[in-house]
Each structure stands twice: as C-alpha cells, then as structure tokens.
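One structure is given below, encoded as structure tokens.
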Amino acid sequence: MTSIERAVRMRRLAIGVWTLLLVSIVVWPFTGGGIGPATTALALLPLFLPLPGLVLGRRRTLQWSPLTLAPALALALTEILVNAPARTIAILTLALILAAFASNIAALRARPRSG
C-alpha cells in the first residue's frame, strides 16, 4: 500500500468515525436520559465546522478539528458522572470522541508531507 492510499484510508476512517459521533449526539434527546435539545445542540454544532475540510482532506482542518471535540467531551463526561439514565449513551459518545481524536491524528500523520 502506498502512502497516498494509506492517507486516503485514514482520512475515510476519520470521516466515518466523525459521522458516527454526530449520529450518537443526535440521538441524545431520544434516549430518555434527560438530555435536551439545547444540550445536544451545544455539543453538536461545533462538530459541523470541520466537516467540509475533512471531506476535502485539508491538512489545516485535520490540525484544528480536534478542538471542536471539546464541548462534546465536556458534556459526555458530565453526563457520565451525574446523569445515570444517560450514562450508556454518554459512554458510547465518549468512546467515539476518543476514536474521532485518534483517527484524526492518524489521518494527519498518514498524510504525505508537502513543501
């Protein structure tokens, strides 16, 4: 496998995990755990910012997109600690946040150096 093929695979993995993370947050209000639409929007909206750059494979987007995980990370940790009915979905979301971070870094590292 060439470095270009590896970079494409890692980028696709990052986009896939990012999409799963978005879906896991979208279902928060429907799980019966007491997570409302406002909380969901607070965690969800920042995650849409890097999507165009991730799809296009922009290096700069791969560099700054993990910063948009912070609100979802804070809310998932809070729900795990204080909201027992939402704990399962929050743990799933936390796992996807960590996977999104790791796959994003892997996509950045697999990308061939330019310039």
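Counting begins at 1 with the first residue of the sequence.
Atoms CG and CZ, from L96 and F101 in turn, are 15.0 Å apart once rounded to the nearest 0.5 Å. Atom CD1 of I15 sits about 8.0 Å away from atom CG of L51, to the nearest 0.5 Å. Atoms CD and CD1, on Q63 and I105 in that order, are 9.0 Å from each other to the nearest 0.5 Å. The line from CZ of R87 to CG of L92 is 15.0 Å long, rounded to the nearest 0.5 Å. Distance check: T78 OG1 to N83 CG gives 10.0 Å after rounding to the nearest 0.5 Å. To the nearest 0.5 angstrom, I4 atom CD1 is 13.5 Å from R9 atom CZ.
The shortest non-hydrogen separation linking T61 to P50 is CG2-O, 3.4 Å. Heavy atoms only, all atoms of each residue included: S103 and V17 are closest at OG-CB, 3.9 Å. Between W18 and L47, the closest heavy-atom pair is NE1-O, 2.9 Å.
Atom CZ of R109 has 12 or fewer heavy atoms from other residues, nucleotides or ligands within 6.0 Å.
Proximity of V8 to R12: side-chain heavy atoms (C-beta onward) are separated by under 4.5 Å at one or more points. Side-chain contact between L44 and F48: present, with at least one pair of heavy atoms (C-beta onward) separated by less than 4.5 Å.
Here the options are I91, L75, T88, the test is side chain to side chain contact (heavy atoms under 4.5 Å, CB included), and the partner is I80; only I91 passes.
Cluster annotation: V55 is connected to L108 through the hydrophobic network of ILVMFWY side chains, with a link wherever side-chain heavy atoms come within less than 4.5 Å. Criterion: ILVMFWY side-chain heavy atoms under 4.5 Å apart, direct or through other members. Under it, L77 and I89 are part of a common hydrophobic cluster.
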Can you list, pair by pair, the side-chain donor-acceptor contacts under 3.5 Å of residues 20-37, counting residues two or more places apart and other chains?
from : atom 1 : to  : atom 2 : distance (Å)
S24  : OG     : L21 : O      : 2.9
S24  : OG     : T93 : OG1    : 3.3
W28  : NE1    : T93 : OG1    : 3.0
T31  : OG1    : W28 : O      : 2.9

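Of the possible polar contacts, none joining the E79 side chain to the A76 backbone as a donor-acceptor pair under 3.5 Å is found. Not one N or O on the side chain of R11 forms a donor-acceptor pair closer than 3.5 Å with the backbone of A110.
Cluster note: V82 groups with L81 through ILVMFWY side-chain heavy atoms spaced under 4.5 Å, whether in direct contact or through intervening members.
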